[in-house]
2 protein chains.
Amino acid sequence: MLDNLQITTDEYLPLRDVVFNTLRKAILTGDLKPGERLMEIHLADKLGVSRTPIREAIRKLELEGLVVMIPRRGAQVAEITEKSMSDVLEIRRAVDALCAELACERITDEELKRLNSARLDFEKAVEGKDVTVIAQADVSFHNIIVQATGNQRLVQLVENLSEQMYRYRFEYIKDFSGHPAIIKEHAAICEALKKRDKLAAAESCRVHIDNQKKSIIARIRKDSAKH
Amino acid sequence: MLDNLQITTDEYLPLRDVVFNTLRKAILTGDLKPGERLMEIHLADKLGVSRTPIREAIRKLELEGLVVMIPRRGAQVAEITEKSMSDVLEIRRAVDALCAELACERITDEELKRLNSARLDFEKAVEGKDVTVIAQADVSFHNIIVQATGNQRLVQLVENLSEQMYRYRFEYIKDFSGHPAIIKEHAAICEALKKRDKLAAAESCRVHIDNQKKSIIARIRKDSAKH
DNA sequence: ATACAGTATATTGTATACAAAATACATCGT
DNA sequence: ACGATGTATTTTGTATACAATATACTGTAT
């Protein structure tokens, strides 16, 4: 009874945050497509709230880079260009390498164990062919490394950068021919972390991102060729 | 006449952005101190606007990490702890090194010239003793490098990270005994960029940040010892 | 004097109302 | 038929109003 009450108070989220999460998810999954306008009244009606929380959510999406504002014309979903994605990946490459280096210094034995089982989970997920499961296993693996840095702002930064790649992650995962390489890369990262070999860990992460970059950029080119 | 009209339309900024800039500056300069509550009606009265633009500005400050929200209690200026600053600097170290590496590949001869004169401007600024002028010259120097990467998202990231260090930048600059070292570091960075030597450029940047870190962390310890 | 209860006040969260600008559309003239 | 002009509509930008919660205060009982 009291427990239940506690839970409900803990679960309180301002509507603006509910809207923010909803819109973000819609953008990342592609329900809201690049260039699409976000009209306040329309969204308000659709989500059953007033314009106020909608507007506040849009302000956050704006700073996050998921929507762009045009003065007196409102918000629209940010376009993804090859350049913008390449910019993101360029940063991601360095940041992931940093994560690996820091993790070498700070990862605990317990986290190393969890990392290894996350690695094995990923390999198992690859055998099954469910793309969502594979993607989730990949996220879990990398999350352990980022968390092991103990740098909360770094966690947040990686999250934001990952977000930008989200729509293309699936393309990368869908390419089954690339799976053996991913498995090898994960193994290399694991190995380096276990040895606490910063150079090797960082380099493995760079290779890992470089490979992702190849398939993501290829996909974008294919997409833009269509239009 | 028409020109004037053009200017005024160009200069249009929604009130939310005016408020956002105003509050951000107030936080960075320390007019609004860590832990201080941002009360909407109070701010609205003070700035002569309604609560709506205030709230939207706060949403952006929230995502930027300059304020933290407490549900149903509103916003307060984020505290700066040694840990949070150390987290920022850890990222900044890697990101600045990345900037240097990319700049090695992409900086134009014209930008190299401007960089060199910015370096000399800094040396001149150091001779005069105006801290604000010195800080500005330092910013100009580093801006050229970041811009030379041609990566707009990287520019934005560096800006955000710099922001967090802003309040302590002056302490670093104020320490006149450190100036010769800074001058040498700038020269090393310049030199490496001219030679397009990525390793040297990156390493110089790391050293540069490590030195900043020392003085900033020392300052924070001194501050927290007072309280 | 101190702890507590109950009320008043202040503050946030949300919804609505109003103003200004941008867009769409229809009418008119050529 | 085409373009221009003026009006209607839509949409954003801003202000205000209302509701719910948290905080501060006051008085009372111990």
Side-chain angles (χ1 to χ4, degrees), chain A residues 2 4-24 26-27 32-64 66-78, chain B residues 2 4-24 26-27 32-64 66-78:
Chain A
L2 271 173
N4 205 322
L5 198 72
Q6 188 60 40
I7 285 169
T8 54
T9 53
D10 271 19
E11 274 176 1
Y12 166 79
L13 258 188
L15 284 181
R16 57 170 180 267
D17 289 332
V18 176
V19 173
F20 173 66
N21 291 330
T22 305
L23 292 181
R24 177 162 69 173
I27 293 172
L32 288 169
K33 294 186 185 18
E36 194 165 334
R37 283 183 70 182
L38 298 177
M39 279 181 305
E40 297 167 4
I41 300 174
H42 179 242
L43 290 173
D45 288 351
K46 202 159 179 179
L47 300 178
V49 299
S50 78
R51 281 175 61 209
T52 307
I54 302 279
R55 287 179 65 83
E56 297 192 15
I58 289 176
R59 294 292 86 75
K60 292 173 81 171
L61 293 169
E62 181 190 353
L63 210 78
E64 189 135 316
L66 290 177
V67 311
V68 294
M69 294 302 302
I70 300 174
R72 290 194 173 116
R73 191 140 189 284
Q76 53 187 68
V77 179
Chain B
L2 271 173
N4 205 322
L5 198 74
Q6 187 59 40
I7 285 169
T8 54
T9 54
D10 270 20
E11 275 176 359
Y12 167 80
L13 257 189
L15 283 181
R16 60 171 178 266
D17 289 332
V18 176
V19 173
F20 173 65
N21 290 329
T22 305
L23 292 181
R24 177 163 67 173
I27 293 172
L32 288 169
K33 293 187 187 14
E36 194 165 334
R37 283 183 71 182
L38 298 178
M39 279 181 305
E40 297 167 5
I41 299 175
H42 179 241
L43 290 172
D45 287 351
K46 202 160 180 178
L47 300 179
V49 299
S50 78
R51 282 175 60 209
T52 306
I54 301 280
R55 287 178 65 84
E56 296 191 17
I58 288 176
R59 294 292 86 73
K60 291 173 83 171
L61 293 169
E62 180 191 353
L63 211 78
E64 189 135 316
L66 291 178
V67 311
V68 294
M69 294 302 303
I70 301 175
R72 288 190 176 119
R73 193 142 186 281
Q76 52 186 69
V77 179

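Quantities reported herein were computed from a predicted structural model and do not represent experimental measurements.
- At whole-Å resolution of the value, NE2 in A/H42 and C1' in D/dT12 are 16 Å apart.
- Within the structure, a side-chain polar atom (N or O) of B/R16 is placed less than 4.0 Å from OP1 or OP2 of D/dG13.
- Annotation: of the two residues near DNA chain D, B/R37 and B/V49, the 5′-most nearest-nucleotide partner is B/V49.
- The distance from the CD1 atom of B/I27 to the CG atom of B/L38 is 6.0 Å, given to the nearest 0.5 Å.
- In 5' to 3' order, the nucleotides of DNA chain C bounding all contacts with chain B (an atom under 4.0 Å from a heavy atom) are C/dT11 to C/dT14.
- The pair B/R59-B/E56 does not count as a salt bridge, with every side-chain nitrogen at least 4.0 angstrom from each carboxylate oxygen.
- When the C1' atoms of four end pairs are superposed on the next four at each end of the helix from C/dA1-D/dT30 to C/dT30-D/dA1, using five pairs per end, the two resulting axes differ in direction by 0°, to 10°.
- Protein atom CE of A/M39 is 11 Å distant from nucleotide atom P of D/dT10, rounded to whole Å.
- Counting any heavy atom pair closer than 4.0 Å across all strands shown, B/L38 reaches sugar-phosphate atoms only and no base atom.
- Nearest-nucleotide mapping onto DNA chain C: of A/P71 and B/R59, the residue sitting toward the 5' end is B/R59.
- Atom CD1 of A/I54 and atom C1' of D/dT12 are 14 Å apart (whole Å).
- As judged by a 4.0 angstrom heavy-atom cut-off over every strand, A/R73 is placed among residues touching the sugar-phosphate backbone only.
- Counting only heavy atoms from C-beta outward, the side chains of B/L23 and B/L43 approach each other to under 4.5 Å.
- Atom CG in A/L43 sits roughly 11 Å away from atom P in D/dT11 (whole-Å rounding).
- At a threshold of 4.5 Å between non-hydrogen side-chain atoms, the residues B/K60 and B/D17 count as touching.
- As rounded to whole Å, 11 Å separates atom P of D/dT11 from atom CZ of A/R51.
- Atom-to-atom distance recorded for A/Q76:CD and A/I70:CD1 is 4.0 Å, nearest 0.5 angstrom.
- The distance from atom CZ of B/R72 to atom P of D/dT23 is 11 Å, rounded to the nearest whole Å.
- Both cation-pi conditions hold for B/R72 and A/Y12: the charged atom is under 6.0 angstrom from the six-membered ring centre and inside a 45 degree cone around its axis.
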Exercise for the section: Determine, stepwise, if the pair A/N21 / A/L13 fulfils side-chain contact (heavy atoms from CB on, under 4.5 Å). Expected result: CA-CA 11 Å; A/N21 291 330; A/L13 258 188; 4.2 Å; yes
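- For the side chain to side chain donor-acceptor pair (under 3.5 Å) condition, the pairs that include at least one residue of residues 32-46 of chain B, sequence neighbours left out, are B/E40-B/R51, B/E40-B/R55.
- Between A/I41 atom CD1 and D/dT11 atom P there is a gap of 6 Å when expressed in whole angstrom units.
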